[in-house]
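The shown structure was predicted, so the numbers you read here are calculated from the model rather than taken from an experiment.
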Amino acid sequence: MIDYLPLILTIMIPVIAGYGMLRCIVDEEWPVPLTLAVSYALGSMLLPMLMLMYDLTGIPWSGATIYGGLMGMGGASLGMSLIRGRKRSVEETAYMRLVDNDDMTTLQRLSYALLMLYLAVHVWMIFWRALNMPVFVWDAMSTSMFKAHVFFHENSLASLKNVPRPSYPLHVPLWATWISMNLQHWNDQWIKIIFPLNFMAFIVINYYFLRCFVHKLWALIGVGLIFTSEYALSFAAVAYREWTLVLYNCSTVFWIILWSRHQKNAYLILAAVFSGAGTFVKLEGNGYWMIHMFLLLAVLWMSKQAIAARVKKLIQFTVIAIIPIVLYAIGKIVHGVEIAERAGFDFQWTDWPRIPATVKALFKFMFVSGHWNILWWVFVLSVVLVFVQRVSRDVYLLLGTIVLFLGLHFGVIVFTENYDLIIGYYEKVNVPRLLLHFFPLVTTVTILLAASTQPNRTRHSLTSLGSS
């Protein structure tokens with residue numbers, strides 16, 4: 001029997017803390033869905049980091065200490081926001097320009113409503129599958145839930161060095177521990193509630209990012225493309241960490257793109273926070289943090305700001321993003337865990353067959369396997385538009401980022417000791433998961449290119465849209 005109040009508080013208190021952090025960063029009203037999604041993502045990052053800091057400082061885990069810490073951080077953030085805040089007009093506080101919906105026809109509005117209903121049914125099915133099936137996938141049990149079970153019963157990270165894959169980031173295990181602490185028992189179904197929530201938070205963020213470029217029907221079609229991949233949807237209902245990493249990884253790219261457009265510091269801070277959070281989800285997050293740095297460097301290189309100002313922005317992003325990396329490195333040292341795992345260079349000239357094998361595997365699982373429907377083919381055909389008509393700098397940045405992700409995975413597979421763990425017997429499992437980490441960028445570029453001929457009349461800010 002589930003006591004639903006503790007379960008609700010388990011999720012809501014971190015969301016409230018995340019909302020306080022959001023208000024400290026952003027000083028305007030956002031649409032309710034976007035506010036909730038970003039607040040959830042921030043709170044989802046704060047909770048495991050707080051538990052890690054408590055472990056390092058000797059503070060015991062309990063409802064009182066963790067709830068108190070979260071509410072303290074949320075309250076302090078709101079207080080800072082109120083102290084520095086002052087009333088401003090909509091024009092003064094406008095951060096985004098969203099494409100106007102006034103020219104939508106009746107047929108388009110009906111299509112929007114029907115598509116929304118279709119996606120809502122899929123979301124309901126994802127939640128049903130997540131909460132009615134126990135943890136059954138091997139990687140989830142061995143890398144996350146076994147750890148969480150140990151942490152829950154010991155109420156600490158004391159046995160970290162003795163669990164499987166001790167160097168793996170602890171975002172998901174600590175969340176499962178926290179849920180079990182509130183339920184006061186281990187529940188293989190309800191600990192999975194965070195996975196569809198992570199999926200939904202990202203879908204909302206992706207939708208509003210697209211709303212900055214296209215009207216709401218095109219934006220909904222854009223996120224709807226993700227729903228055409230049964231493989232992608234299946235990961236939203238199981239205890240894999242993939243969609244948690246997608247939430248932070250792809251959202252970071254979106255925030256950097258928005259910062260490049262509007263030069264509003266709030267977006268850069270959010271990008272740094274999300275990028276750092278991704279490093280505490282999976283080991284791949286460290287590589288993705290470097291890609292985020294490359295993307296930011298590209299934006300700064302094209303910027304017309306003074307060099308000193310650009311250096312300041314780079315330092316700001318780096319300092320914020322490396323906080324989780326440094327904290328977990330300290331945690332590994334304290335608990336006697338290897339800091340870096342599977343990161344060593346491992347390539348000799350006799351290993352050259354790795355190159356065609358890796359190219360073949362990537363091509364197979366992008367275009368032939370059926371994991372993504374035909375979306376990679378549609379993406380490639382859409383990219384042809386880049387050469388026949390003018391597109392925005394933002395699209396070029398997104399395309400460049402996709403190339404960087406593919407290049408990173410190619411390099412890691414070919415030149416490190418990960419080759420035998422990814423290519424060969426395990427490639428049908430591991431290669432598609434690596435592609436999933438940036439797959440929403442593919443659907444985003446596809447819809448932006450498809451809608452590139454549409455009129456782009458905009459409103460002044462997010463607040464003018466309400467909660468649509």
Side-chain angles (χ1 to χ4, degrees), residues 139 142-144 160-161 163-171 240-242 245-246 248-250 252-253 275-298 314 317-319 321-366 400-439 441:
D139 274 7
S142 64
T143 62
S144 297
L160 177 61
K161 66 179 179 180
V163 299
R165 302 296 185 187
S167 69
Y168 280 22
L170 298 177
H171 180 105
Y240 280 125
R241 297 167 291 166
E242 262 50 51
L245 183 56
V246 170
Y248 293 113
N249 176 42
C250 292
T252 299
V253 176
S275 182
T279 66
F280 201 52
V281 177
K282 294 196 72 174
L283 292 175
E284 292 92 327
N286 294 287
Y288 299 162
W289 168 69
M290 291 189 290
I291 288 179
H292 303 152
M293 290 288 292
F294 274 111
L295 176 61
L296 179 60
L297 285 170
L314 181 63
F317 179 91
T318 304
V319 169
I322 65 173
I323 291 174
I325 300 175
V326 172
L327 280 177
Y328 192 39
I330 295 172
K332 290 178 180 179
I333 294 172
V334 169
H335 290 285
V337 174
E338 181 182 9
I339 293 181
E341 182 173 343
R342 302 190 318 189
F345 180 83
D346 180 28
F347 184 83
Q348 299 177 1
W349 70 271
T350 54
D351 295 323
W352 70 265
R354 291 182 180 184
I355 296 175
T358 301
V359 172
K360 177 182 176 181
L362 289 172
F363 181 87
K364 172 183 175 181
F365 289 102
M366 289 165 62
T401 305
I402 292 172
V403 172
L404 286 175
F405 279 113
L406 288 171
L408 173 68
H409 290 312
F410 176 84
V412 169
I413 293 171
V414 172
F415 298 109
T416 73
E417 53 195 317
N418 291 278
Y419 178 81
D420 292 329
L421 297 172
I422 298 177
I423 301 300
Y425 179 78
Y426 296 103
E427 68 181 37
K428 62 183 178 182
V429 175
N430 291 326
V431 174
R433 288 168 65 180
L434 294 175
L435 295 173
L436 177 58
H437 297 164
F438 62 97
F439 171 66
L441 300 183

Would a distance-only check, ignoring hydrogens and angles, find a side-chain to backbone donor-acceptor pair under 3.5 Å from Tyr426 to Val431?
-> no
Would you say the side-chain atoms of Lys332 pair up with the backbone N or O of Ile339, donor to acceptor, closer than 3.5 Å?
-> yes
Do you know the tightest heavy-atom contact between [X] and [Y]?
{"X": "Arg241", "Y": "Tyr168", "result": "NH2-CD2, 3.6 Å"}
{"X": "Ile423", "Y": "Glu427", "result": "CG2-OE1, 3.5 Å"}
{"X": "Pro166", "Y": "Val163", "result": "CD-O, 3.3 Å"}
{"X": "Phe365", "Y": "Pro432", "result": "CD2-CG, 3.6 Å"}
{"X": "Pro324", "Y": "Ala277", "result": "CG-N, 4.2 Å"}
{"X": "Leu441", "Y": "Cys250", "result": "CG-SG, 4.0 Å"}

Interatomic spacing from [atom1] in [X] to [atom2] in [Y] - rounded to 0.5 Å:
{"X": "Thr358", "Y": "Ile413", "atom1": "OG1", "atom2": "CD1", "value": "5.0 Å"}
{"X": "Phe317", "Y": "Trp289", "atom1": "CZ", "atom2": "CH2", "value": "8.5 Å"}
{"X": "Asn249", "Y": "Ser275", "atom1": "CG", "atom2": "OG", "value": "8.0 Å"}
{"X": "Leu404", "Y": "Met290", "atom1": "CG", "atom2": "CE", "value": "11.0 Å"}
{"X": "Leu160", "Y": "Leu170", "atom1": "CG", "atom2": "CG", "value": "6.0 Å"}
{"X": "Phe294", "Y": "Leu408", "atom1": "CZ", "atom2": "CG", "value": "9.5 Å"}

Fit a plane to each ring of Phe415 and Phe410, take the angle between them on a 0 to 90° scale, and name the class: parallel (under 30°), tilted (30 to 60°) or perpendicular (over 60°).
-> perpendicular
NZ of Lys364: more than 12 outside heavy atoms within 6.0 angstrom?
-> no
Compute the ring centroids of His409 and Tyr288, then answer whether they are less than 6.0 Å apart.
->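 Yes - the distance between ring centres of His409 and Tyr288 falls below the 6.0 Å cut-off.
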For the residue pair [X] and [Y], establish whether any side-chain heavy-atom pair is separated by less than 4.5 Å.
{"X": "Phe438", "Y": "Val253", "answer": "no"}
{"X": "Glu242", "Y": "Leu245", "answer": "no"}
{"X": "Arg433", "Y": "Glu284", "answer": "no"}
{"X": "Pro169", "Y": "Leu283", "answer": "yes"}

With respect to Leu406, which candidate in Leu434, Leu435, Thr401 satisfies the side-chain contact (heavy atoms from CB on, under 4.5 Å) definition?
->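 So the option named by the test is Leu435.
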